[in-house]
Amino acid sequence: MLPDKKQYVISALSDTINRNYVRGAISLKYFCAILGFLVFLSFGIHAAEASVSNQPINWGFEKSRNHKSANPGEPLIKLLSKYDAFFMGDPSQKYIYLTFDNGYENGYTEGVLDVLKKQKVPAAFFVTGHYLLDQPDLVKRMADEGHIVGNHSWHHPDLTKVSDERLKKELDSVKEKTEKLTGYQGIQYLRPPRGVFSERVLAKSKELGYQPVFWSLAFVDWHTNAQKGWRYSYDQMMSQIHPGCILLLHTVSKDNAEALDRAIIDLRKQGYIFKSLDDLMIDRTFHQPHFFSL
């Protein structure tokens with residue numbers, strides 16, 4: 001599909017030329033020449049759109065050590081920056097942005113919310129369609145307690161393998177259901193399922209008004225039958241933490257649920273401050289737009 005404005009221009013020119021030809025105001029030769037130009041223009045726009053790569057990319061990075069920033073490499077940093085996507089905040093500020101992916105419920109999210117409430121820590125929960133249908137009360141609680149409810153797509157597909165129309169439906173369905181459940185309008189944050197994306201996915205997401213959010217600290221925590229104890233989760237967080245960190249945890253993990261309170265307390269002792277993705281967006285917009293200079 002052509003971009004709306006360009007499509008409108010082509011359509012308007014076509015109608016104008018056709019009307020003038022029919023009433024004899026222009027010659028057949030001129031009519032054919034202009035028609036050919038419009039076909040060329042339309043083809044060129046389609047070609048430009050097709051040039052946006054849909055090559056799948058699996059999000060990943062060199063892990064942080066000794067409070068140094070995680071680093072996905074300059075090509076990925078530039079690609080995200082091109083579409084205003086981000087994976088961390090200002091590396092000069094000891095801020096942490098806590099995020100959770102909620103594909104399904106495993107009995108630990110209520111406890112996680114209890115810890116966040118006790119410690120007065122804001123978070124973002126990226127939910128799927130299944131989660132919205134299965135756990136409406138928990139989603140309402142997230143919003144009521146001041147947390148962000150983000151978009152993790154309706155069916156959790158590989159977004160590089162779905163059409164533009166399907167991608168829009170995947171995201172809009174979560175947005176509409178979340179707004180209906182919580183009463184809060186304007187869900188904008190998107191986390192691509194499994195961290196698989198492409199330039200096309202970034203471009204289309206931005207066009208639809210969504211803000212892709214990746215992460216700079218994560219570890220294998222989602223295997224519910226292979227939990228290793230709270231200390232594993234705690235050590236992973238403490239060893240990889242860095243200023244500006246966007247921390248990704250899965251709420252299906254018992255380890256995470258049991259480690260979270262200790263981690264928050266000890267990270268604060270190190271001088272870290274927990275902030276919301278909304279705070280990060282404000283900083284990006286008004287104060288420090290160049291967060292990707294590592």
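Positions are given from 1, in the same order as the sequence printed here. The figures here come from the full heavy-atom set of this structure, side chains too, leaving out hydrogens, waters and symmetry mates.
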Audit row: K169, E165, salt bridge (Lys or Arg N to Asp or Glu O under 4.0 Å) steps and yes/no: CA-CA 6 Å; K169 186 174 182 181; E165 292 76 16; over 6 Å; no
Worked verdict on D158 versus R194 for salt bridge (Lys or Arg N to Asp or Glu O under 4.0 Å): CA-CA 8 Å; D158 178 342; R194 295 179 290 276; 5.6 Å; no
Step-by-step side-chain contact (heavy atoms from CB on, under 4.5 Å) determination, T109 to E105: CA-CA 7 Å; T109 303; E105 182 54 39; 2.6 Å; yes
Pair K228-D255, salt bridge (Lys or Arg N to Asp or Glu O under 4.0 Å): steps then yes or no: CA-CA 7 Å; K228 302 177 181 180; D255 294 351; over 6 Å; no
side-chain contact (heavy atoms from CB on, under 4.5 Å) assessment of L260 paired with L249: CA-CA 10 Å; L260 186 61; L249 299 173; 4.2 Å; yes
Intermediate values then yes/no, side chain to side chain donor-acceptor pair (under 3.5 Å), N256 and S233: CA-CA 6 Å; N256 290 342; S233 176; 2.6 Å; yes
side-chain contact (heavy atoms from CB on, under 4.5 Å) evaluation trace for L113 with M142: CA-CA 7 Å; L113 286 167; M142 293 168 187; 4.2 Å; yes
Side chain to side chain donor-acceptor pair (under 3.5 Å) between R191 and T99, intermediate numbers included: CA-CA 10 Å; R191 176 159 286 157; T99 70; 2.9 Å; yes
D144 vs K140, salt bridge (Lys or Arg N to Asp or Glu O under 4.0 Å): CA-CA, chis, key distance, verdict: CA-CA 6 Å; D144 289 344; K140 291 176 187 176; over 6 Å; no
Side chain to side chain donor-acceptor pair (under 3.5 Å) between Y272 and H67, intermediate numbers included: CA-CA 11 Å; Y272 282 97; H67 303 271; 2.7 Å; yes
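Distance alone, capped at 3.5 Å, places no donor-acceptor pair between the T285 side chain and the I282 backbone. With hydrogens and angles ignored, the 3.5 Å screen pairs no side-chain donor or acceptor of D101 with any backbone N or O of F126. Side-chain N or O atoms of N151 include one that pairs as donor or acceptor with a backbone N or O of S153 at under 3.5 Å. Judged by distance alone, the side chain of E170 and the main-chain N or O of W154 form a donor-acceptor pair under 3.5 Å.
Within the 6.0 Å centre-distance limit, the rings of Y232 and F219 are counted as a close aromatic pair. A distance below 6.0 Å separates the ring centres of F87 and W59.
Under the side-chain contact (heavy atoms from CB on, under 4.5 Å) criterion, E258 pairs with W230, K254, not counting sequence neighbours.
The minimum heavy-atom distance linking I96 with I241 is given by the pair CD1-CD1, 3.6 Å. Contact detail for L167 and L159: the closest heavy-atom pair is CD1-O, 4.0 Å. Across every non-hydrogen atom of Y83 and K206, the tightest pair is O-CD, 3.7 Å. In terms of heavy-atom proximity, S205 sits nearest to L171 at OG-CD1, 4.4 Å. Of all heavy-atom pairs spanning F274 and P122, the tightest one is O-CD, 3.9 Å.
Applying the ring-ring contact (aromatic ring centres under 6.0 Å, His included) definition to pairs two or more places apart or across chains, those involving residues 185-212 are F197-F214. For the ring-ring contact (aromatic ring centres under 6.0 Å, His included) condition, the pairs that include at least one residue of residues 128-149, sequence neighbours left out, are F125-H147.
Counting non-hydrogen atoms of other residues, nucleotides and ligands closer than 6.0 Å to CD of E110 gives a total of 12 or fewer. Heavy-atom neighbours of Q119 CD from other residues, nucleotides or ligands within 6.0 Å: above the threshold of 12. Around atom NZ of K94, more than 12 heavy atoms belonging to other residues, nucleotides or ligands sit under 6.0 Å away.
No salt bridge links E176 with K180; every basic N to acidic carboxylate O contact stays at or beyond 4.0 Å. Between E207 and K204, at least one side-chain N (NZ, or NE/NH1/NH2) sits under 4.0 Å from a carboxylate O, which counts as a salt bridge.
Under the 3.5 Å distance criterion, with hydrogens and angles disregarded, no donor-acceptor pair is assigned to the side chains of H155 and T128. In this model, a donor atom of one side chain and an acceptor atom of the other lie less than 3.5 Å apart for N54 and S198.
Annotation: cation-pi pair R262/Y234 absent, no NZ/CZ under 6.0 Å from the ring centroid and within 45° of its normal.
Distance check: L132 CG to T182 OG1 gives 9.5 Å after rounding to the nearest 0.5 Å. To the nearest 0.5 Å, atom CZ of residue R200 and atom CD of residue Q55 are 12.5 Å apart. Note that OG of S173 and NZ of K168 are 9.0 Å apart. Values are rounded to the nearest 0.5 Å. The CG atom of L280 lies 4.5 Å from the OH atom of Y97; values are rounded to the nearest 0.5 Å.
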